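The structure under discussion appears below in the form of structure tokens.
Numbered from 1 within each chain, the chains take letters A, B, ... in sequence-line order. Worth saying up front: this structure is predicted, and the values here are computed from it rather than measured.
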There are 2 protein chains.
Amino acid sequence: MTKEELKKVSDTKTTKILRKGEIIFDEGEKLNGVYCVRGGVSKLSKLSPNGKDQIVKLATKGSVLGQRSVIAEESSNLKATAVNDMEVCFIPKDAIVDTLNRNPNFAVEVLRHMAHDLKEADDVIVNMSQKTVKQRVAEAFIYLEDNFGVDDQGYLLLTLTREDIANVVGTATESAIRIISEFKKLGLIKASGKKIAIANAKGLADMAVGM
Amino acid sequence: MTKEELKKVSDTKTTKILRKGEIIFDEGEKLNGVYCVRGGVSKLSKLSPNGKDQIVKLATKGSVLGQRSVIAEESSNLKATAVNDMEVCFIPKDAIVDTLNRNPNFAVEVLRHMAHDLKEADDVIVNMSQKTVKQRVAEAFIYLEDNFGVDDQGYLLLTLTREDIANVVGTATESAIRIISEFKKLGLIKASGKKIAIANAKGLADMAVGM
DNA sequence: GTATAAACATGACAATTGTCAGTTTACCGA
DNA sequence: TCGGTAAACTGACAATTGTCATGTTTATAC
């Protein structure tokens, strides 16, 4: 119901093409609207005091970026960067606020969406604080397969650098590299150039829960 | 505006007294309403596969528990436990949903509230993944002082067990104990029985950012 | 008050993870 | 296609953190 509404609005807007690596908005920036992802993938990250960029979420087609900040009327707490080439469209703040106030269904729908995000965030907190780096890396690959899919040969469609993977699981790049190498040796994953595929789903899943 | 509305509803409801340690609702439970905290403190936790209970949030007077689950129409992803004696009141789901659909202002207000929670959750993710245990323990004490206050002698009003502190910062109980002992030796905090006070705020703040 | 359990504490050690320093490999633009 | 640069990788070591074992103190029930 609201998705259609949003879609209708977004369809009327001109879309913008972003090159890989471009920043959509930065931490601390005041947003005067939200961005809908129509193609490509964006990483949402937050700089930690130690200088590392923790990736909090990966957003793909259909995701809306910046809605939290627009709704809370705060500047953004996250930075959004294009992981690969992207197509996004912009919806000005006024249009959002307007619809929000006039259409209760829309508000409830957004609310539901944010409730879902909140639950996911809770899960991430638990994973981060209670799982080992190895478990988190295993989970990350499963997550990438589940959420971004694979090509006809089983390779993950979304290719992240080792550094990005490290920033997703919250570890040093070298640690991530070492664990990935280990997974390859164990036959849990296989790699062809930059592309990675899950070779032993069961084994990787076991690894993710510590078996 | 909405807070008044909520308050009005909640005032008409009979309140319930909970003893320290009692469970308000458990993970996986279907909630047919939300709980407003009128006194005391509740910990919201999630069981991780390794058997530890990660505390995701501490809720005090004025907080609403279970709204995420009610709105998303899902069973709860968290367990709510009374940290000390509590007074809570219950608002049935119907009343919430009803108000939500009829009053756009209410929906937007709840939305804002959830947006705030989401930001906090993002911050926690970054802290958990990028800070050392020592930094997180230091932060925890600052958080406890800022959010729950101190008595006339400077002792934290909210007294958590070492185990709870460990579950807040996501570490082993022994590690938390050791770090607390170290902080005492360094003169950053002082203890009288179970009660803990921040003795050197500047020093503790430095510790929290890794100096 | 005393029993009993829970909470707190500490030592010793192992496992995990981070850091630094350096080498090799892959990729992109001229 | 060549060269430069970023990414990927490896080794060695230090620092952090977890685990297990055990003893002490503190709270709570009777």
Side-chain angles (χ1 to χ4, degrees), chain A residues 19-22 43 48-54 81 83-85 127-138 140 155-156 159-185 189-196 207-208 210-211, chain B residues 19-22 43 48-54 81 83-85 127-138 140 158-186 189-196 207-208 210-211:
Chain A
R19 306 294 305 276
K20 171 180 174 177
E22 272 193 85
K43 58 177 174 183
S48 90
N50 69 11
K52 283 206 183 163
D53 224 22
Q54 175 68 33
T81 313
V83 173
N84 42 35
D85 291 351
N127 279 338
M128 285 299 179
S129 42
Q130 300 286 358
K131 293 198 169 177
T132 65
V133 175
K134 204 176 288 186
Q135 292 174 317
R136 271 142 49 198
V137 172
Y155 288 100
L156 296 175
T159 304
L160 295 176
T161 66
R162 303 292 195 258
E163 189 182 2
D164 276 343
I165 294 175
N167 288 342
V168 166
V169 303
T171 189
T173 306
E174 296 95 322
S175 295
I177 288 174
R178 260 182 258 274
I179 288 168
I180 292 171
S181 299
E182 193 189 332
F183 284 0
K184 274 195 274 194
K185 284 203 191 89
I189 62 176
K190 58 177 179 170
S192 154
K194 272 189 94 66
K195 297 218 136 278
I196 287 181
M207 182 66 74
M211 300 179 66
Chain B
R19 307 293 306 278
K20 170 180 174 179
E22 273 192 85
K43 58 178 174 183
S48 90
N50 69 11
K52 284 206 184 162
D53 224 21
Q54 175 67 34
T81 313
V83 173
N84 42 35
D85 292 351
N127 279 338
M128 285 298 180
S129 41
Q130 301 286 358
K131 293 198 168 178
T132 67
V133 175
K134 204 176 287 187
Q135 292 174 318
R136 271 141 51 196
V137 172
L158 180 60
T159 304
L160 294 176
T161 66
R162 305 291 196 261
E163 189 182 1
D164 276 343
I165 293 175
N167 289 342
V168 166
V169 303
T171 189
T173 306
E174 295 96 322
S175 296
I177 288 174
R178 261 182 257 272
I179 288 168
I180 291 170
S181 300
E182 192 188 332
F183 284 179
K184 274 194 275 192
K185 284 203 191 88
L186 291 172
I189 61 176
K190 60 177 177 168
S192 155
K194 272 190 93 66
K195 296 218 138 281
I196 287 180
M207 182 65 75
M211 299 177 67

Self-check item: Start and end of chain A contact along DNA chain D [non-hydrogen atoms, under 4.0 Å]
Solution: D/dA7 to D/dA12
Exercise. Could you tell me which residues satisfy side chain to side chain contact (heavy atoms under 4.5 Å, CB included) with A/Ile189, sequence neighbours excluded, listed by chain and number?
Key: A/Phe141, A/Ile180, A/Phe183, A/Lys184, A/Ile196, A/Leu204
Quiz item: Listed by chain and number, what are the salt bridge (Lys or Arg N to Asp or Glu O under 4.0 Å) partners of A/Glu22, not counting sequence neighbours?
Solution: none
Self-check item: Contact state string [nucleotides 22-30 of chain C, B base, S sugar-phosphate only, - no protein heavy atom under 4.0 Å]
Solution: -----S---
Quiz item: Relative to the 5' end of DNA chain C, which residue comes earlier, B/Thr173 or A/Lys134, by the nucleotide with the nearest heavy atom?
Solution: B/Thr173
Practice problem: Could I get the full list of side chain to side chain donor-acceptor pair (under 3.5 Å) partners for A/Thr161, not counting sequence neighbours? | Solution: none
Self-check item: Degree of bending in the helix from C/dG1-D/dC30 to C/dA30-D/dT1 once both end axes are built from five pairs, to 10°
Solution: 60°
Quiz item: For DNA chain D, what residues of residues 174-186 of chain B have any heavy atom nearer than 4.0 Å?
Solution: B/Glu174, B/Ser175, B/Arg178
Self-check item: side chain to side chain donor-acceptor pair (under 3.5 Å) partners of A/Ser48, counting only residues at least two apart
Solution: A/Asn50
Quiz item: Rounded to the Å, how far apart are B/Glu163 CD and C/dA5 P?
Solution: 17 Å
Self-check item: side chain to side chain donor-acceptor pair (under 3.5 Å) involving A/Lys195 - partner list, sequence neighbours excluded
Solution: A/Thr159
Quiz item: Restricting to pairs with a member in residues 163-173 of chain B, which pass salt bridge (Lys or Arg N to Asp or Glu O under 4.0 Å), not counting sequence neighbours?
Solution: B/Lys43-B/Asp164
Quiz item: When rounded to the nearest 0.5 angstrom, what distance separates CD in A/Gln54 from CE in A/Met128?
Solution: 4.5 Å
Quiz prompt | Sequence-distant partners of B/Ser181, side chain to side chain contact (heavy atoms under 4.5 Å, CB included), two or more places apart | solution = B/Ile177
Exercise. Could you list the residues that satisfy salt bridge (Lys or Arg N to Asp or Glu O under 4.0 Å) with B/Lys131, not counting sequence neighbours?
Key: B/Glu139
Quiz prompt | Point-to-point distance, once rounded to the nearest 0.5 Å, from NZ of A/Lys52 to OG1 of A/Thr173 | solution = 5.5 Å
Quiz item: Is it true that a side-chain atom of B/Asn84 and a backbone atom of B/Lys20 form a donor plus acceptor pair closer than 3.5 Å?
Solution: no
Quiz item: Rounded to the nearest 0.5 Å, how far does NZ of B/Lys134 lie from CZ of B/Arg178?
Solution: 12.0 Å
Quiz item: Closest nucleotide of DNA chain D for B/Arg136 versus for A/Leu160: which of these residues is on the 5' side?
Solution: A/Leu160
Quiz item: Closest approach of A/Ala176 and A/Arg162, non-hydrogen atoms and distance?
Solution: CB-O, 4.2 Å
